[in-house]
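Numbering starts at 1 and runs along the sequence shown. Note that the structure is a prediction, hence the values are computed from the model and not measured.
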Amino acid sequence: MRPSSGASIDIRLRPEAETDLAFLRVLYGSSREREMALLADWSAEQKQTFLDGQFAAQRGYYREHYADADFDIIERDGRPIGRFYVATTPRQIILMDITLLAAERNSGLGDRLVRELQARAAREQKIVSLHVEDDNPARRLYDRLGFGEVAAVTFYKLMHWVPAGLEALSESLAAEVRAR
């Protein structure tokens, strides 16, 4: 995705680097604040140890299973504000993860990035695929942008956005997931 400019802001995607790890840990923790608030009997150190372990596990999983994916940092006016992870296969574009700092959520930026991904998928004649938990606030965004639930996978829902004419491909991919 190319750099794009709003009225007075500059949003860019750039490849993630090792120097981003501290930011990425903070970002990951910010995405789990709701869950951590439920653990009132845990100390701050216990919560941080748990989050660090979960972050490392997720990072390892993504790199093992999606080695060729684009692991991008979202920047606003030159400062990191999120991450955008996308994998591409011959039949689909997989939105692995989009996470924004709390102050950047509900600003329209997620909508914009997903719409740009949908436009790319339409040009390339691919489906956009993602997994989301029902209680994730991003679920409302995906519903609004025309994603449909095609299968339940553990506690996640598999959703597809399907360009016109690819409905049979969507059903084929969903059937493969349900057969596992």
Side-chain angles (χ1 to χ4, degrees), residues 1-63 66 69-87 93-120 128-147 149 153-159 161:
M1 194 173 298
R2 289 187 191 70
S4 54
S5 296
S8 64
I9 59 168
D10 186 23
I11 300 296
R12 296 180 184 272
L13 296 180
R14 66 160 173 82
E16 189 178 286
E18 288 299 312
T19 55
D20 293 311
L21 281 176
F23 164 74
L24 289 166
R25 280 189 186 93
V26 169
L27 179 66
Y28 180 81
S30 78
S31 74
R32 305 283 303 265
E33 286 176 348
R34 215 170 19 139
E35 296 165 83
M36 294 296 100
L38 300 175
L39 302 172
D41 56 335
W42 284 24
S43 70
E45 294 80 21
Q46 288 172 311
K47 290 178 183 180
Q48 192 58 55
T49 299
F50 173 79
L51 288 171
D52 287 346
Q54 292 292 294
F55 171 75
Q58 183 189 66
R59 185 171 172 79
Y61 178 87
Y62 282 163
R63 275 148 185 79
Y66 300 99
D70 293 324
F71 296 96
D72 289 326
I73 297 292
I74 305 165
E75 290 185 335
R76 178 188 294 270
D77 297 324
R79 64 179 177 79
I81 61 166
R83 67 182 187 180
F84 193 61
Y85 295 172
V86 176
I93 297 172
I94 303 165
L95 177 54
M96 298 162 41
D97 194 291
I98 181 171
T99 306
L100 296 167
L101 290 172
E104 302 293 338
R105 295 178 196 145
N106 299 310
S107 67
L109 180 54
D111 181 284
R112 178 172 148 188
L113 290 169
V114 175
R115 285 181 188 274
E116 288 178 14
L117 202 61
Q118 289 173 308
R120 175 184 156 200
V128 180
S129 173
L130 60 86
H131 287 87
V132 66
E133 295 173 317
D134 275 331
D135 66 342
N136 184 328
R139 171 72 193 247
R140 291 188 307 275
L141 169 67
Y142 304 137
D143 289 336
R144 190 175 75 249
L145 293 179
F147 283 79
E149 185 178 317
V153 182
T154 63
F155 51 91
Y156 292 99
K157 304 298 189 221
L158 172 62
M159 299 184 80
W161 178 81

Distance in Å, [X] [atom1] paired with [Y] [atom2], rounded so as to fall on 0.5 Å steps:
X: Asp134; Y: Lys157; atom1: CG; atom2: NZ; result: 4.5 Å
X: Glu33; Y: Leu51; atom1: CD; atom2: CG; result: 9.5 Å
X: Gln58; Y: Asp97; atom1: CD; atom2: CG; result: 5.5 Å
X: Leu38; Y: Glu35; atom1: CG; atom2: CD; result: 8.0 Å
X: Ile93; Y: Arg120; atom1: CD1; atom2: CZ; result: 4.0 Å
X: Ile98; Y: Leu113; atom1: CD1; atom2: CG; result: 4.5 Å

### Task
State which residues pass ring-ring contact (aromatic ring centres under 6.0 Å, His included) with Tyr85; sequence neighbours excluded, sorted by chain then number.
Tyr62, Phe71
Can you give me the closest heavy-atom contact between [X] and [Y], atom names plus distance?
X: Met96; Y: Ala69; result: SD-CB, 3.6 Å
X: Tyr66; Y: Ile94; result: CE2-CD1, 4.0 Å
X: Ser31; Y: Thr99; result: CB-CG2, 3.9 Å
X: Leu130; Y: Leu95; result: CB-O, 3.6 Å
X: Glu16; Y: Ile73; result: CA-CG1, 3.9 Å
X: Asp111; Y: Arg115; result: OD1-NE, 2.7 Å

### Query
Phe23 versus Leu101: any side-chain heavy-atom pair under 4.5 Å?
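Phe23 reaches Leu101 side chain to side chain.
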### Query
Do Phe147 and Val132 pass the side chain to side chain contact (heavy atoms under 4.5 Å, CB included) test, and can you show the C-alpha distance, the side-chain angles, and the key distance before you say yes or no?
CA-CA 11 Å; Phe147 283 79; Val132 66; over 6 Å; no
### Query
Run the side chain to side chain contact (heavy atoms under 4.5 Å, CB included) check on Ile74 and Glu104 step by step: do they pass?
CA-CA 11 Å; Ile74 305 165; Glu104 302 293 338; over 6 Å; no
### Query
Would one find more than 12 heavy atoms of other residues, nucleotides or ligands at under 6.0 Å from atom CZ of Arg144?
yes
### Query
Is there a donor-acceptor contact under 3.5 Å linking the side chains of Arg105 and Ser30?
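Short answer, yes.
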### Task
Please list, chain by chain and in numerical order, all residues satisfying side-chain contact (heavy atoms from CB on, under 4.5 Å) with Glu18, sequence neighbours excluded.
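Leu21, Arg59.
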#### Entry: From CA spacing to verdict: side chain to side chain contact (heavy atoms under 4.5 Å, CB included), Arg32, Lys47
CA-CA 10 Å; Arg32 305 283 303 265; Lys47 290 178 183 180; over 6 Å; no
#### Entry: Check against side chain to side chain contact (heavy atoms under 4.5 Å, CB included), Ser107 and Arg76
CA-CA 12 Å; Ser107 67; Arg76 178 188 294 270; 3.9 Å; yes
